[in-house]
Amino acid sequence: MSKKKKIQDIVDQASNLLNQNLTTFKEIYKVIISHSNHYHAFLHHENSGDIKTYRYGQYARLCESTARKLSVLLADRKIKNGVVGLKVNNSPFWCFLFWGLLMSGYRPLLIDAKLAKENTENLLKSAKAIAIVTDDQNEYEGNVITLSTNEVNDISEDLNFQPNWADEVIFCSSGTTGEIKLMIFDGNNMLNQLNASKKMPDENLDIIYPQSIRPLRIIGLIPFHHIFAFVSIFLWYSFYGATIVFTDFQDPVTLVKEIRELKVTHVYHVPLFYEVFAKNFMNRVDDRYKEKVNSLIKYNLGLIKLKDAGFVGVHTAKRLIQRLTLGVQIRYLISGGGYLNEDAAKIINGIGYPLYNGYGMTEVGVTSVELSPNIQDRMKRSIGRPLFRVSYRINRKNELLIKSPITHIKEIINGKEKSTVLDREGYYSTGDIAKVDSDGRYYLVGRAKETIITSNGENVYPEEIESYFKEIKGVINLAVFAVKNKIILVIQTDNLKISKEVDITNATLPLHKQANRIVLTKEPLPLSSSLKVKRYIVKEKYLDGEYKGKDSARKKIDVLAGYDANAKRNVIRRLNRVFKEVLYVEKDVDGNAHWINDLHSDSMTYITLINEIEKEFTVKIPIEKYGQLTTLNDFAKQLLDSGCK
């Protein structure tokens with residue numbers, strides 16, 4: 001049997017179930033547990049350093065054992081289709097809990113494991129949840145049972161348990177408004193999501209294939225409460241018999257090593273991961289070899305011929321670079337959930353890794369991915385063509401509309417269950433601005449609600465304008481928005497002398513895209529927990545007159561004045577140790593040095609820093625503080641206020 005025929009056979013499994021009118025989560029589960037016990041379902045590198053493996057033959061036993069335990073713990077809440085929050089970090093046990101809840105007749109509400117208590121309570125209340133499984137040490141208000149994973153593990157099983165399957169899963173929207181919106185998907189939605197891969201073998205034989213052809217290991221880095229991870233990692237690859245790899249080591253440098261040493265073949269992550277990887281790679285290239293590496297990248301991108309690369313052995317050089325980074329076993333990388341930086345795409349594809357773009361959203365699942373193995377197609381950074389049985393349309397406002405059997409069946413808004421809102425032809429409005437080329441590939445441009453309509457009627461997108469200024473040295477964060485059809489650009493910087501370079505860059509833009517007013521400020525711009533600038537808050541502060549341009553430079557203030565000298569000295573000493581380990585530097589860090597502008601680090605490594613500080617001081621830094629603590633002294637003040645010594 002040919003390789004393509006073997007791959008087509010496995011992607012036809014979902015179609016076969018749909019053709020038999022078997023359209024529930026129970027049927028999906030049956031396919032998953034039917035895979036050969038010869039293959040690993042999960043591989044988990046734990047904090048202890050141990051690597052635990054689980055074969056497909058164990059999958060069913062562990063899911064059913066979990067269901068029997070949950071039935072005991074929730075015995076007094078036997079409500080068919082009752083909602084139970086699942087707020088646990090990615091691991092094999094997350095998977096057992098998910099299927100265990102469905103098998104016990106409960107609808108899982110998937111919640112970010114790092115979500116604050118107040119926000120979690122709001123979600124539980126909106127979904128009318130009866131319980132939550134979590135390890136966050138909180139007790140939740142209302143008539144909600146709080147279960148820890150230890151409680152589930154330790155309880156005796158109900159040996160008389162009989163499965164009573166529920167058939168819905170609930171996702172939380174990642175929207176930026178205060179309105180709580182929950183999306184409900186059923187087994188039919190998810191079988192159609194799996195069936196969307198039906199035509200993939202026609203274009204690419206690397207994204208999905210059976211393990212009888214070669215090993216397929218995908219790493220579960222994105223939390224499974226996120227639709228991208230749930231569909232593209234947990235559901236998709238379990239259904240097709242691959243191995244999901246979990247790791248408890250999360251800092252970017254260690255992750256690269258984990259991907260290589262655990263022989264991961266598929267990595268699906270957000271753009272920030274790839275941007276940090278590309279930046280770190282280029283920063284670590286010895287000056288003696290930078291010219292050769294740049295030539296290798298240009299050659300692989302098809303920009304120069306082999307003879308113009310300036311050295312022989314480019315193929316050997318590519319393999320050597322891969323052995324030192326993600327490994328030579330990589331088959332497919334996908335960036336999803338945002339806009340991928342062009343430089344990152346060039347560097348990663350240029351060193352021989354196939355990096356593609358994908359598209360989806362909480363309301364519609366995953367609906368497209370670039371599949372072309374041609375590097376020139378990948379470098380266009382399109383989101384590909386719509387998957388099987390998915391239709392795209394662009395309306396008069398250039399908004400992307402989607403019609404598919406994957407779209408969620410119901411939604412809960414502020415506690416009230418409603419039907420999904422579609423237009424007369426069954427299309428869902430995504431709110432994303434898109435364009436399509438002559439080959440039928442789609443490209444994201446921006447968000448409809450953030451589109452700026454200039455005085456001459458031109459549409460301008462904040463992301464595009466911001467991209468022109470991001471690379472200016474000294475720019476920490478920035479935001480573009482409109483006030484009365486005028487384009488306003490606010491730049492956070494510690495060097496107000498960059499105004500000339502900013503003005504020069506602005507002057508090179510087409511007239512309708514030039515900023516009408518530019519404000520440079522040393523005041524930190526408000527960030528979300530994912531370290532993205534909150535444009536709407538920047539706009540509110542601007543309208544309130546809080547940004548005063550060059551006059552807004554802050555005077556240096558001793559934020560640690562008044563604290564106990566011994567406690568202050570000890571906290572600073574321990575903090576310096578953490579900073580030096582994360583930054584790979586030997587000297588102590590200046591207490592007032594800015595994380596990005598002075599220490600030249602990045603937002604992903606910032607998350608690593610926070611994780612290491614929390615471990616060192618056994619303390620939790622509130623998410624709302626992320627991005628506000630930008631210097632060692634800022635962190636010292638936060639820790640001293642928390643009672644650390």
Before accepting this row, confirm whether a basic side-chain N of the pair Glu370/Arg378 lies closer than 4.0 Å to the acidic partner's carboxylate O. no
d(Lys69 NZ, Ile155 CD1) to nearest 0.5 Å is 9.0 Å
- request: Return the orientation label for the Tyr56 and His35 ring planes: parallel under 30°, perpendicular over 60°, tilted otherwise.
  value: perpendicular
Checklist entry - Can you tell me if Arg319 uses its side chain to pair, donor with acceptor, with the backbone of His315 under 3.5 Å? => result no
Item checked: N-O pairing of Asp287 and Lys290 below 4.0 Å -> yes
Note to self: Whether the side chain of Glu616 engages the backbone of Arg574 through a donor-acceptor N/O pair (distance < 3.5 Å, no angle test) should be reported.
What the structure shows: no
Nearest heavy-atom contact between Ile208 and Leu216 is CA-CD1, 4.4 Å
| task | Taking only Lys NZ, Arg NE, NH1 and NH2, and the carboxylate oxygens of Asp or Glu, determine whether Asp12 and Lys198 approach each other closer than 4.0 Å. | result | yes
Rounded to the nearest 0.5 Å, the OG atom of Ser238 sits from the CZ atom of Phe98 at a distance of 10.5 Å
Do the non-hydrogen side-chain atoms of Thr247 and Leu221 ever get within less than 4.5 Å of each other? yes
*asked:* Are Phe171 and Phe185 an aromatic pair, judged by ring center distance below 6.0 Å?
replied: yes
Between Asp248 and His44, is the side chain to side chain donor-acceptor pair (under 3.5 Å) condition met? List the steps. CA-CA 8 Å; Asp248 291 339; His44 187 193; 3.1 Å; yes
Rounding to 0.5 Å, atoms NZ (Lys279) and CD1 (Ile347) come to a distance of 11.0 Å
Are the side chains of Ile218 and Val245 in touch, meaning some heavy atoms are under 4.5 Å apart? no
When every non-hydrogen atom of Asn300 is compared with those of Ile375, the smallest separation belongs to O-CD1, 3.2 Å
Does the side chain of Thr265 pick up a donor-acceptor pair with the side chain of Gln329 at under 3.5 Å? no
(Q) Checking the side chain of Gln193 only, and the main-chain atoms of Ser232 only, is there a donor and an acceptor separated by less than 3.5 Å? (A) no
* To do: Might you confirm whether atom CD of Gln137 has over 12 heavy atoms from other residues, nucleotides or ligands at distances under 6.0 Å?
  => no
- Does the side chain of Tyr59 reach to within under 4.5 Å of the side chain of Tyr54, using non-hydrogen atoms? no
### Message
Using side-chain heavy atoms (C-beta onward) and a distance below 4.5 Å, is Leu205 in contact with Met200?
### Response
no
Quiz prompt | Test item: Tyr209 side-chain N/O and Pro215 main-chain N/O as donor-acceptor pair under 3.5 Å | solution = yes
- Message: Quick check: do Arg331 and Arg214 have side-chain heavy atoms less than 4.5 Å from each other?
- Response: yes
Under the criterion side-chain contact (heavy atoms from CB on, under 4.5 Å), I'd like the reasoning laid out for Phe281 against Val293: C-alpha separation, chi angles, the key distance, then a yes or no. CA-CA 11 Å; Phe281 167 74; Val293 170; 4.0 Å; yes
Report task. Indicate whether the side chain of Asp634 and that of Gln638 have a donor and an acceptor atom separated by less than 3.5 Å. Result -> no
Donor-acceptor pair, side chain of Asn138 and main chain of Lys117, under 3.5 angstrom = no
Here the pair of heavy atoms bringing Pro201 nearest to Ile7 is CG-CG2, 3.7 Å
Subject >> Donor-acceptor under 3.5 Å (Gln13 side chain, Ile10 main chain) >> reply: yes
* Asked: Can you find a pair of side-chain heavy atoms, one from Leu371 and one from Ile207, that are under 4.5 Å apart?
  -> yes
d(Asp202 CG, Phe388 CZ) to nearest 0.5 Å is 10.5 Å
Charged N to carboxylate O under 4.0 angstrom, Arg288 versus Asp286? yes
Practice problem: Evaluate the ring planes of Phe273 and His269, with Trp represented by its six-membered ring, and classify them as parallel (under 30°), tilted (30 to 60°) or perpendicular (over 60°). | Solution: parallel
inquiry  = If we ignore hydrogens and angles and just use 3.5 Å, is the side chain of Asn349 paired with the main-chain N or O of Ala345 as donor and acceptor?
reply    = yes
Keeping Asn374 on the side-chain end and Asp377 on the backbone end, is there a donor-acceptor pair under 3.5 Å? yes
Going through the distances and angles, do Leu97 and Val88 end up as a side-chain contact (heavy atoms from CB on, under 4.5 Å)? CA-CA 9 Å; Leu97 283 166; Val88 176; 4.2 Å; yes
*Look at the rings of Phe25 and Trp99 and say which category their plane angle falls in: under 30° parallel, 30 to 60° tilted, over 60° perpendicular.*
perpendicular
Can you tell me if Glu203 has over 12 outside heavy atoms packed within less than 6.0 Å of its CD?
yes
- Task: Measure from NZ or CZ of Arg55 to the centre of the six-membered ring of Tyr39, then state whether that distance is under 6.0 Å and the direction lies within 45° of the axis.
- Result: no
**Under 3.5 Å side-chain donor-acceptor pair for Asp112 and His226** = no
- Query: Is the gap between the ring centers of Tyr442 and Tyr359 under 6.0 Å?
  - Reply: no
Hey, is NZ on Lys380 packed in by over 12 heavy atoms from elsewhere, all under 6.0 Å?
yes
Heavy-atom nearest pair, Glu46 first then Phe249, reads O-CE1, 3.3 Å
Q) So does Lys6 have more than 12 non-hydrogen atoms from other groups sitting under 6.0 Å from NZ? A) yes
For the aromatic rings, using the six-membered ring if either is Trp, is the centroid distance between Tyr237 and His266 under 6.0 Å?
yes
### Query
Just checking, is any N or O donor in the side chain of Asn570 or Arg573 under 3.5 Å from an acceptor N or O on the other one?
yes
**Item:** Ionic contact status for Asp343 with Lys470, cut-off 4.0 Å
**Value:** no
Exercise. Any donor and acceptor pair, going by atom type alone, linking the side chain of Tyr353 with main-chain N or O of Gln322 inside 3.5 Å?
Worked result: yes
message: Are Phe224 and Phe230, when compared by the centres of their aromatic rings, separated by less than 6.0 Å?
response: no
Check your understanding: For residues Ser65 and Glu157, is any side-chain donor paired with an opposing acceptor at under 3.5 Å?
Key -> yes
Closest non-hydrogen atoms of Gly365 and Ile227, given as atom of the first, atom of the second and distance, are CA-CG1, 3.8 Å
TODO: Check whether the ring centres of Trp94 and Phe234 lie less than 6.0 Å apart, and answer yes or no.
DONE: yes
Check: Leu109 and Leu86 side chains under 4.5 Å, non-hydrogen atoms:
no
The reported gap from CD1 in Ile613 to CD1 in Ile621 (rounded to nearest 0.5 angstrom) is 5.0 Å
Result for side chain to side chain donor-acceptor pair (under 3.5 Å) between Thr243 and one of Arg217, Gln211, Lys263 points to Gln211
Does any donor atom in the side chain of Thr149 or Asp135 lie under 3.5 Å from an acceptor atom in the other side chain? yes
To the nearest 0.5 Å, atom CD1 of Ile259 lies from atom OG1 of Thr325 at 9.5 Å
- Spell out, as yes or no, whether a donor-acceptor pair under 3.5 Å connects the side chain of Ser642 to the backbone of Cys644. no
Worksheet item: Hey, does Asn357 have a side-chain heavy atom less than 4.5 Å from the side chain of Val369?
Response: no
Correct closest heavy-atom pair for Ala636 and Ile572 would be CB-CG1, 4.4 Å
